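Predicted, not measured: the structure shown is a model, and the values here were computed from it. So that the names make sense, note that chain A is the first sequence line, chain B the second, and so on, each numbered from 1.
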Amino acid sequence: MEMNDKMPKKPLNKQFFQQPTLELAKSLLGCLLVNETEEGLSAGYIVETEAYIGPHDRAAHSYGNRRTKRTEIMYGQAGLVYTYSMHTHCLINVVSAGIDEPEAVLIRALEPVTGIGLMKKRRPVDQMKNLTNGPGKLTKAMGITMEDYGRTFYERPLYISDGYSPTEIEQGTRIGIQNSGEARDYPWRFWVKGNPYVSR
DNA sequence: TGAACGATAGTCT
DNA sequence: GACTATCGTTCAC
C-alpha cells in the first residue's frame, strides 16, 4: 500500500550533524524533513541548501562573531533549529559546527513527499512546483514557524530522517546576498541537479 | 524611541 | 529583470 512507502522514519542521529558545515550542507540533500503538527504530518526531501560560516562570512547573521538574541542559537550545538523571520516570512536553518562556532545551513527548497494535501491547504498554489521551491515557501507549506526556534532536528516533532542519495549534486553562489562584499561569490549553495523544486 | 535594513515572494513590465 | 509590501531585529541616539 502506498502509505507504507511513506510512513515516517526515525530521526537521524545527533552525530549526523557533527560534520563540517560545507559537508553537512551536501549531506542534507536528499534527506527527509518531517514536521508533525496537530493538523497532521508533512514531509519533503531537501533538494537545496546554503552554508553560512559564521565569523568569516559577511553574509551570515553571525559575521564577526556577532552575538545577539536572534543569533544566540547558532553558538549552540549542531542539530539545533534556527528559525528567523524575513519580511513576512519564516526561514529555517540547521545549526552546524561546535559550541561557540556560529555556523548554519539554510534549507532553501524541498520536494514534497507526504502530506501534500495539507501543504496545499496551508499554501494554495497553482502549480505543484511552487509549493516548496523557496525558503519562505517551504516553511509555510510545512507549518514551520518561529515557535520552532531552539528545537532540534533529531527529535520530534520537527526532524530530519534518511531519504535518498542524490545521483548528482551541483554547487554555486548563494542567492539574495549581493551586498555582502566578497562573500557574495562564495560557492556555498548546493542543490540536486535537475530537481524541479530547486528555487532557481 | 526610532530608523534602517534585509538569507523573500509576488506582481508587473 | 525591476519594484515593493511589510515587519521583526538590530543598532544608533
*With a 4.0 Å heavy-atom cut-off, tell me which residues in residues 77-89 of chain A come close to DNA chain B, sorted by residue number.*
A:Y84, A:M86, A:H87, A:H89

*If you look at every strand shown and take non-hydrogen atoms under 4.0 Å, does A:R189 touch a base, only sugar-phosphate, or nothing?*
nothing

*Decide, yes or no, whether a salt bridge links A:E39 with A:R122 under the criterion of side-chain N to carboxylate O below 4.0 Å.*
yes

*Would you indicate what A:R108 reaches in the nucleic acid, counting non-hydrogen atoms under 4.0 angstrom: base, sugar-phosphate, or nothing?*
sugar-phosphate

*Plane angle bin for A:Y154 and A:F17 - parallel if under 30°, tilted between 30 and 60°, otherwise perpendicular*: tilted

*Along DNA chain B, 5' to 3', what are the outermost nucleotides having an atom less than 4.0 Å from a heavy atom of chain A?*
B:dG6 to B:dG10

*How about A:Y63 and A:H56: does a side-chain donor come under 3.5 Å of a side-chain acceptor?*
no

*Report yes if at least one side-chain N or O of A:R70 is closer than 4.0 Å to OP1 or OP2 of C:dT10; otherwise report no.*
yes

*Kindly indicate whether a cation-pi arrangement holds for A:R156 with A:Y159, taking the cut-offs as under 6.0 Å to the six-membered ring centre and within 45° of the axis.*
yes

_Tell me whether the side-chain N/O atoms of A:T68 come closer than 4.0 Å to OP1 or OP2 in C:dT9._
no

_Against A:E48, only a single residue in A:R108, A:K26, A:K193, A:K137 fulfils salt bridge (Lys or Arg N to Asp or Glu O under 4.0 Å); can you say which?_
A:R108

*Please determine if A:R174 forms a cation-pi arrangement with A:Y186, meaning its NZ or CZ atom is less than 6.0 Å from the six-membered ring centre and no more than 45° off the ring axis.*
no

*Rounded to the Å, how far apart are A:H61 NE2 and C:dC11 P?*
11 Å

*Would you check if there is a donor-acceptor pair between the side chains of A:Q19 and A:S27 at a distance under 3.5 Å?*
yes

*Would you mind reading off the distance between A:R67 atom CZ and C:dT10 atom P, rounded to a whole angstrom?*
13 Å

*asked:* Given A:W191, which partner from the list A:E168, A:E170, A:E50, A:Q171 fulfils the side chain to side chain donor-acceptor pair (under 3.5 Å) test?
replied: A:E170

*State, without any angle test, whether A:T83 and A:R70 hold a side-chain donor-acceptor pair at a distance under 3.5 Å.*
no

*How would you label the contact of A:L106 with the nucleic acid (heavy atoms, under 4.0 Å): base, sugar-phosphate, or nothing?*
base

*Should A:L33 and A:I144 count as side-chain neighbours, where that means a heavy-atom distance under 4.5 Å?*
yes

*Starting from Watson-Crick (N1-N3 plus N6-O4 or O6-N4) and G-U wobble pairs under 3.5 Å, report the runs of at least three that DNA chain B belongs to.*
B:1-6 with C:7-12, B:8-12 with C:1-5

*Residues A:H61, A:Y52; criterion side-chain hydrogen bond (donor to acceptor under 3.5 Å, both in side chains); working and verdict*: CA-CA 8 Å; A:H61 295 149; A:Y52 286 84; over 6 Å; no

_Output the rounded distance in Å from CD (A:Q178) to C1' (C:dA2)._
12 Å

*Given atom CG of A:N65 and atom C1' of C:dT10, what is their separation to the nearest angstrom?*
17 Å

